[in-house]
Visitor: 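Have a look at this one before I ask anything.
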Number of protein chains: 2
Amino acid sequence: MSDRSQRRREATLAEIKAVARQHLVAGGPSSISLRAIARDMGMTAPALYRYYASLDALVLDLCTDLYTELRIACEAVRDAVPDGVIEKLHAMAREFRRWVLAHPAETALMFGPPLPGVNQFIDGCNSLQDAGHRFGRIFTDLMVELYRQGRLPDVLVDLPAHEDLPPSVTALFLKGWTRLYGVIMAEAFGHLNWALTDATALFESELADMTADLRSR
Amino acid sequence: MSDRSQRRREATLAEIKAVARQHLVAGGPSSISLRAIARDMGMTAPALYRYYASLDALVLDLCTDLYTELRIACEAVRDAVPDGVIEKLHAMAREFRRWVLAHPAETALMFGPPLPGVNQFIDGCNSLQDAGHRFGRIFTDLMVELYRQGRLPDVLVDLPAHEDLPPSVTALFLKGWTRLYGVIMAEAFGHLNWALTDATALFESELADMTADLRSR
DNA sequence: CCTTCGCGTTAACGGTGTTCACTAATCTAA
DNA sequence: TTAGATTAGTGAACACCGTTAACGCGAAGG
């Protein structure tokens, strides 16, 4: 494969994903269709099978791209905060919420229930889990830094240790992650609409409580 | 409309929803199709339009049924606990998790991202929000009982009061609800699979922390 | 130069939601 | 009892969808 055609192939892959994302944003995950994408690109649907084995594979690839996009956005605000590990975590959590609320359709794909045809793609799932893993790492890295400074409380949850993380960091991360996931996704998925029009105060209250739990217990 | 034919109509409605649920459980929300339902019932697809204006309306109706089913399950364990408001809340939270993990496809429908075609059904959304509201009420009712006994801490979140609930009850409920939603849905949607095979310990830890926050702060 | 291979096509199969015209049955009221 | 209105169903059709197969074209590589 020549270098020229390889770059052309990657450009086509990027265009496919870009058009797919337009449809995702316009009509939600279910309105991503090979035929519509091909139509927008001036092609026919079977041509897309030269690039993806199935529609699910395309959606999966798009999903991993979204994870890295979100990670980069959070890394940017992290690096914009001059110092203070907790302050960096705060900024990342707020950016996480901001990104999610600005991209509800993408969020449905990334953080909603799994699509039925996703779990059987072992290789694709690996790259997806890798992208998700690297997103989680930007949080655990800072928590490990807190841990090394001795500023993290010991937590009494009996959870299996994960990779090179100290057990208490794993436990504290999972507790913080699920709590963050709860406030943000409940809002993003519209499950607070019956009570709130703006969940900012609720989010900030949860963030403050999480910080308090992080400092001592 | 005679009484006989009305009961016959409701029986057909129930059968439609029962068959739809079978397909939901078998293949997820996207595999609910009018043609397949009609096929299983020995009918043709257009006949179902005598009962629902669209597929989305059917799914919406099924969804409200699921909310009341979940509520009844939680009410049952609540009434099985002899006394102790906090103990009842614990039992309801555990039953909520148990039901969700036992019914992942139904959970995707009820607590996942909103389906694109759902929000325009104003009447259907009313009945859905009503079912969801009554589910939330079984939790707020117990919290109001705690509030009347003076066992609830004052919480400092500035949130709009909801209906006849005291403001601190609204705030404490929303904080508890989003937290519960987070642990349970993150597990149910498979977003903890990379770290945990069994999230029971994490759930119990969160439940314990929530109870501590409820007792005093 | 010739061959392989990447990339695209058309045609086709089976599936989907939805609408329309129509029929058979049942319920209602004169 | 009989005429009319309502109900519940049918089949055909339209416009989509994912996917597969057979085929052509044009460029890359030996």
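Letters A, B, ... mirror the listed sequences (proteins, then strands); counts begin at 1.
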Visitor: I need the residues from residues 22-30 of chain B with at least one non-hydrogen atom less than 4.0 Å from DNA chain D; give them sorted by number, or say none.
Guide: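 Of all residues in residues 22-30 of chain B, none places a heavy atom under 4.0 Å from DNA chain D.
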Visitor: Expressed as a whole number of angstroms, how long is the span from A:Ile16:CD1 to C:dC7:P?
Guide: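 Rounding to the nearest Å, CD1 of A:Ile16 and P of C:dC7 are 10 Å apart.
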Visitor: Choosing from D:dG9, C:dT16, C:dG8, which nucleotide comes nearest the side chain of B:Ser33?
Guide: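 When the side chain of B:Ser33 is considered, C:dT16 is the closest of D:dG9, C:dT16, C:dG8.
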Visitor: Check this for me, if you would: do A:Arg7 and A:Glu10 make a salt bridge, where the nitrogen-to-carboxylate-oxygen distance has to be below 4.0 angstrom?
Guide: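 No salt bridge links A:Arg7 with A:Glu10.
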Visitor: Report which part of the nucleic acid A:Tyr52 touches: base, sugar-phosphate, or nothing (heavy-atom distance under 4.0 Å, all strands).
Guide: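 Nothing, no nucleic acid heavy atom in range.
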Visitor: How many Å lie between CG on A:Asp3 and P on C:dG6, as a whole number?
Guide: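 Distance, rounded to whole Å: 16 Å.
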Visitor: For A:Arg137, give me all partners under salt bridge (charged side-chain N to carboxylate O under 4.0 Å, His left out), at least two apart in sequence or on another chain.
Guide: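 In terms of salt bridge (charged side-chain N to carboxylate O under 4.0 Å, His left out), with neighbours along the sequence ignored, A:Arg137 is linked to A:Asp141.
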Visitor: In this structure, how many angstroms lie between the C1' atom of D:dA28 and the CZ atom of A:Arg8, rounded?
Guide: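 So the two atoms are 15 Å apart, to the nearest Å.
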Visitor: Between atom CE in B:Met43 and atom P in D:dA8, what is the gap in whole Å?
Guide: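 These atoms are roughly 11 Å apart.
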Visitor: At their closest point, which heavy atom of B:Ala93 faces which heavy atom of B:Phe203, and how far apart are they?
Guide: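 So the minimum-distance heavy-atom pair works out to O-CZ, 3.7 Å.
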Visitor: Under the salt bridge (charged side-chain N to carboxylate O under 4.0 Å, His left out) rule, collect the residues that match up with A:Glu75, sequence neighbours excluded.
Guide: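 Residues passing salt bridge (charged side-chain N to carboxylate O under 4.0 Å, His left out) with A:Glu75: A:Arg71.
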Visitor: Using the ring-ring contact (aromatic ring centres under 6.0 Å, His included) criterion, which residues pair with B:Phe96? Sequence neighbours excluded.
Guide: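 In terms of ring-ring contact (aromatic ring centres under 6.0 Å, His included), with neighbours along the sequence ignored, B:Phe96 is linked to B:Phe111, B:Phe135, B:Trp177.
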Visitor: Please identify each residue that fulfils side-chain contact (heavy atoms from CB on, under 4.5 Å) with B:Ala14, with sequence neighbours left out.
Guide: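 B:Ala14 satisfies side-chain contact (heavy atoms from CB on, under 4.5 Å) with no other residue.
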Visitor: Can you sort out the partners of A:Asp65 under side-chain contact (heavy atoms from CB on, under 4.5 Å), two or more places apart, ordered by chain and number?
Guide: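 So A:Asp65 forms a side-chain contact (heavy atoms from CB on, under 4.5 Å) with A:Lys17, A:Asp61.
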Visitor: Apply ring-ring contact (aromatic ring centres under 6.0 Å, His included) to B:His90 and list each qualifying residue two or more places apart in sequence or on a separate chain.
Guide: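 Listed in chain order: nothing, the list is empty.
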Visitor: Find the distance B:Arg39:CZ to C:dG17:P and express it as a whole number of Å.
Guide: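 Those two atoms, CZ and P, are 9 Å apart.
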Visitor: Could you state the atom-to-atom distance from CG of B:Leu58 to C1' of C:dT18 in whole Å?
Guide: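 Interatomic distance, CG of B:Leu58 to C1' of C:dT18: 14 Å.
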Visitor: Could you list the donor-acceptor pairs under 3.5 angstrom formed by side chains in residues 21-45 of chain B, with sequence neighbours left out?
Guide:
residue, atom, partner, partner atom, Å
B:Arg21, NE, B:Glu106, OE2, 3.0
B:Arg21, NH1, B:Glu69, OE1, 2.6
B:Arg21, NH2, B:Glu69, OE2, 3.0
B:Arg21, NH2, B:Glu106, OE2, 3.1
B:His23, NE2, B:Asp40, OD2, 2.7
B:Ser31, OG, B:His23, O, 3.1
B:Ser31, OG, B:Gly27, O, 3.2
B:Ser31, OG, B:Gly28, O, 2.9
B:Ser33, OG, B:Ala36, N, 3.1

Visitor: Whole angstrom is fine here: how far is it from CZ in B:Arg9 over to P in D:dT6?
Guide: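 Between P of D:dT6 and CZ of B:Arg9: 15 Å.
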Visitor: How would you label the contact of A:Arg4 with the nucleic acid (heavy atoms, under 4.0 Å): base, sugar-phosphate, or nothing?
Guide: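 Contact class for A:Arg4: none.
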Visitor: Calculate the interatomic distance between B:Ile37 atom CD1 and C:dT18 atom P; express it in whole Å.
Guide: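 About 11 Å, once rounded to whole Å.
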Visitor: Starting at CG of B:Leu101, measure out to CH2 of B:Trp99 and round the result to the nearest 0.5 Å.
Guide: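 One gets 11.0 Å once the value is rounded to the nearest 0.5 Å.
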Visitor: If you restrict it to nitrogen or oxygen atoms, what contacts under 3.5 Å exist between nucleotides 19-23 of chain D and the protein, and what is each distance?
Guide:
residue, atom, partner, partner atom, Å
D:dT19, OP2, A:Tyr49, OH, 2.7
D:dT19, OP2, A:Leu55, N, 2.9
D:dT19, O5', A:Tyr49, OH, 2.9

Visitor: Looking at A:Thr44, does any N or O in its side chain come under 4.0 Å of the phosphate oxygens OP1/OP2 on C:dT9?
Guide: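 Checking A:Thr44 against C:dT9: at least one side-chain N or O falls below 4.0 Å of OP1 or OP2.
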Visitor: Sequence neighbours excluded, which residues qualify as side-chain contact (heavy atoms from CB on, under 4.5 Å) partners of B:Asp130?
Guide: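 With neighbours one apart ignored, the set is B:Arg134.
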Visitor: Considering only residues two or more places apart or on different chains, which pairs with a residue in residues 42-51 of chain B satisfy salt bridge (charged side-chain N to carboxylate O under 4.0 Å, His left out)?
Guide: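 Every candidate salt bridge (charged side-chain N to carboxylate O under 4.0 Å, His left out) pair involving residues 42-51 of chain B fails, so no pair, neighbours aside, qualifies.
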Visitor: Hey, what are the protein-to-nucleotides 25-27 of chain D N/O distances that come in under 3.5 Å?
Guide:
none

